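None of these values were measured; they are calculated from a predicted model. Hydrogens, waters and symmetry mates are skipped; everything else that's a heavy atom, side chains included, is used.
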Amino acid sequence: MNKYETIKKLFETHSNPERAISMSKYMKDQFSFYGIAASDRRNLYKDFLKTEKKQDSIDWKFIEQCYADNHREFQYLVYDYLLAMKKQVCFEDISAVKGLVMAKSWWDTVDMLAQVVGNIALKDSRVEEEMLAWSREENIWVQRIAILYQLRFKEKTNTSQLEQILLNCLGTNEFFINKAIGWSLREYSKTNPDWVRDFLEKYQEQMANLSIREASKYLS
């Protein structure tokens, strides 16, 4: 059996049909699940990831097989795989990651992939220009990546770029964009509350109430 088939057999062996129903409902019945809890799922393939980390490059064929599978656990596996391979994933992989963002899109996998893009950005400044371009695209999930990829950067956040990306995404009624805008500002307010206050003061008339409410949660 190849890697995909080996893990598929593991998933099938440890499936929980009852939990699978509730997991699917939580995702608006858009995806099928094996019903494996996150901690159990990661435990099933932890040894596989340890082995893969020793490889020199990303196995995109394996990733394609995982994304072709209808069970959501395989898309979660791809995220964990790309995190484990963060030394190997590079700027040249950005277009392939974008393909994943646009495939079977929902907030769960998109928000995970934002961290993958963030890991690339921390070692390659070319990602900044790419994210500005993504922030201007019509696909809301691509835009959401641009908004969130610096979410864990703290003091390493490029504030001028964050400001431009957020401005590119203002003026929409799209929930997942307005929520992301607020989330990115809320998270950065833990590091630089004054910058977030200034942003809200400058642009609140252009911002959705949802974004303002989320951004202000940790501001006194």
Going from CD on Q143 to CG on N168, what distance comes out if it is rounded to the nearest 0.5 angstrom?
8.0 Å
L151 and L148, any side-chain heavy atoms less than 4.5 Å apart:
yes
Before you tell me yes or no, could you show the steps for V142 and I145 under side-chain contact (heavy atoms from CB on, under 4.5 Å), namely the whole-Å CA-CA distance, both residues' side-chain angles and the distance that decides it to 0.1 Å?
CA-CA 5 Å; V142 173; I145 291 281; 5.8 Å; no
Tell me which donor-acceptor pairs under 3.5 Å the side chains of residues 65-74 have, and how far apart each pair is, sequence neighbours excluded?
residue: D69; atom: OD1; partner: H71; partner atom: N; Å: 2.8
residue: D69; atom: OD1; partner: H71; partner atom: ND1; Å: 3.0
residue: D69; atom: OD2; partner: Y4; partner atom: OH; Å: 2.5
residue: D69; atom: OD2; partner: K8; partner atom: NZ; Å: 2.9
residue: H71; atom: ND1; partner: Y34; partner atom: OH; Å: 3.4
residue: R72; atom: NE; partner: D108; partner atom: OD2; Å: 3.1
residue: R72; atom: NH1; partner: Q75; partner atom: OE1; Å: 3.3
residue: R72; atom: NH1; partner: K104; partner atom: O; Å: 3.0
residue: R72; atom: NH2; partner: K104; partner atom: O; Å: 3.2
residue: R72; atom: NH2; partner: D108; partner atom: OD1; Å: 2.7
residue: R72; atom: NH2; partner: T109; partner atom: OG1; Å: 3.0
residue: E73; atom: OE1; partner: Y34; partner atom: N; Å: 2.9
residue: E73; atom: OE2; partner: Y34; partner atom: N; Å: 2.9
residue: E73; atom: OE2; partner: G35; partner atom: N; Å: 3.0
residue: E73; atom: OE2; partner: I36; partner atom: N; Å: 3.3

Could you tell me if the side chain of V78 sits less than 4.5 Å from the side chain of F62, heavy atoms only?
no
Just checking D47: does its CG atom have more than 12 heavy atoms from other residues, nucleotides or ligands closer to it than 6.0 angstrom?
yes
Find the distance between CG (D111) and NZ (K179) and round it off to the nearest 0.5 Å.
11.0 Å
Applying side-chain hydrogen bond (donor to acceptor under 3.5 Å, both in side chains) to Y203 and not counting sequence neighbours gives E163
Run the side-chain hydrogen bond (donor to acceptor under 3.5 Å, both in side chains) test against W134 and tell me which residues pass, sequence neighbours left out.
E130
Check whether S211 reaches the backbone of M207 with its side chain - one donor and one acceptor, N or O, closer than 3.5 Å.
no
Which residues satisfy the side-chain contact (heavy atoms from CB on, under 4.5 Å) test with S189, sequence neighbours excluded?
V196, Y218, L219
Considering all heavy atoms of both residues, which atom of K53 and which atom of Q88 are nearest to each other, and what is their separation?
O-NE2, 3.0 Å
Exercise: identify the closest heavy-atom pair between L100 and L82
CD1-CD1, 4.1 Å
In Å and rounded to the nearest 0.5 Å, what is the CD to CE distance from Q161 to M131?
8.5 Å
Salt bridge (charged side-chain N to carboxylate O under 4.0 Å, His left out) partners for D59, two or more places apart:
K3
Using 0.5 Å steps for rounding, measure from the CG atom of L77 to the CG atom of L49.
6.5 Å
Any residue meeting side-chain hydrogen bond (donor to acceptor under 3.5 Å, both in side chains) with D198, in chain and number order, not counting sequence neighbours
none
Measuring centre to centre across the rings, with the benzene-like ring taken for any Trp, is Y188 within less than 6.0 Å of W183?
no
So for atom CD, which belongs to E5, do other residues, nucleotides or ligands contribute more than 12 heavy atoms lying within a distance under 6.0 Å?
yes
Within residues 18-27 or reaching into it, pairs that qualify as side chain to side chain donor-acceptor pair (under 3.5 Å) - sequence neighbours excluded:
S24-D29
Test of understanding: with salt bridge (charged side-chain N to carboxylate O under 4.0 Å, His left out), list the residues that count as partners of K190, not counting sequence neighbours.
E187
Heavy-atom donor-acceptor pair, N178 side chain to T172 backbone, under 3.5 Å
yes
Sequence neighbours excluded, every pair satisfying salt bridge (charged side-chain N to carboxylate O under 4.0 Å, His left out) that has a member inside residues 115-128:
E92-R126, D124-R126
Any heavy-atom pair between the side chains of E214 and K217 that's under 4.5 Å?
yes
Is the backbone N or O of R213 less than 3.5 Å from a side-chain atom of S216, with the two atoms forming a donor-acceptor pair by type?
no
Find out if a path of hydrophobic residues (ILVMFWY) with successive side-chain heavy-atom gaps under 4.5 Å connects F199 to L210.
yes
Output all residues satisfying side-chain hydrogen bond (donor to acceptor under 3.5 Å, both in side chains) with K50, sequence neighbours left out; order by chain, then residue number.
none
Are any non-hydrogen side-chain atoms of F91 and I94 less than 4.5 angstrom apart?
yes
Whether over 12 other heavy atoms sit under 6.0 Å from N209 CG
no
Between atom CD of Q150 and atom OG1 of T159, what is the distance when rounded to the nearest 0.5 Å?
8.5 Å
For I181 and C169, work out which heavy atoms get closest and say how close.
CD1-O, 3.8 Å
Please assess Y81 against Y45 for the test ring-ring contact (aromatic ring centres under 6.0 Å, His included), listing each intermediate value before the final yes or no.
CA-CA 10 Å; Y81 171 82; Y45 52 67; 9.8 Å; no
Measure from the ring center of W141 to the ring center of F176 and say whether it is less than 6.0 Å.
yes
side-chain contact (heavy atoms from CB on, under 4.5 Å), that's the test. Do E137 and K98 meet it? Break it down for me.
CA-CA 12 Å; E137 295 210 10; K98 185 179 182 181; 2.5 Å; yes
Salt bridge (charged side-chain N to carboxylate O under 4.0 Å, His left out) pairs, two or more places apart, involving residues 75-85
R41-D80, R42-D80
Without swapping roles, check the side chain of N119 against the backbone of V116 for a donor-acceptor pair under 3.5 Å.
no
Parallel, tilted or perpendicular: which one describes the rings of Y149 and F153, with boundaries at 30° and 60°?
perpendicular
Measure the OG1-CE distance between T6 and M1 for me, rounded to the nearest 0.5 Å.
4.0 Å
Is E129 atom CD crowded by more than 12 heavy atoms from other residues, nucleotides or ligands, each under 6.0 Å away?
no
Quick check: is M23 connected to L10 through a chain of hydrophobic side chains (ILVMFWY, heavy atoms under 4.5 Å apart)?
no
Let me see the working for S135 and I147 under side-chain contact (heavy atoms from CB on, under 4.5 Å), right down to the final yes or no.
CA-CA 7 Å; S135 72; I147 295 167; over 6 Å; no
With sequence neighbours left out, the residues meeting salt bridge (charged side-chain N to carboxylate O under 4.0 Å, His left out) with K61 are none
According to a hydrophobic-cluster definition based on side-chain heavy atoms being under 4.5 Å apart (Ile, Leu, Val, Met, Phe, Trp, Tyr only), do F31 and I21 belong together?
no
Are E174 and R144 ion-paired here, with the side-chain N under 4.0 Å from a carboxylate O?
no
Run the side-chain contact (heavy atoms from CB on, under 4.5 Å) check on L162 and T157 step by step: do they pass?
CA-CA 8 Å; L162 176 61; T157 300; 4.1 Å; yes
With side chains defined as the heavy atoms from C-beta onward, is the minimum distance between L113 and V110 less than 4.5 Å?
no
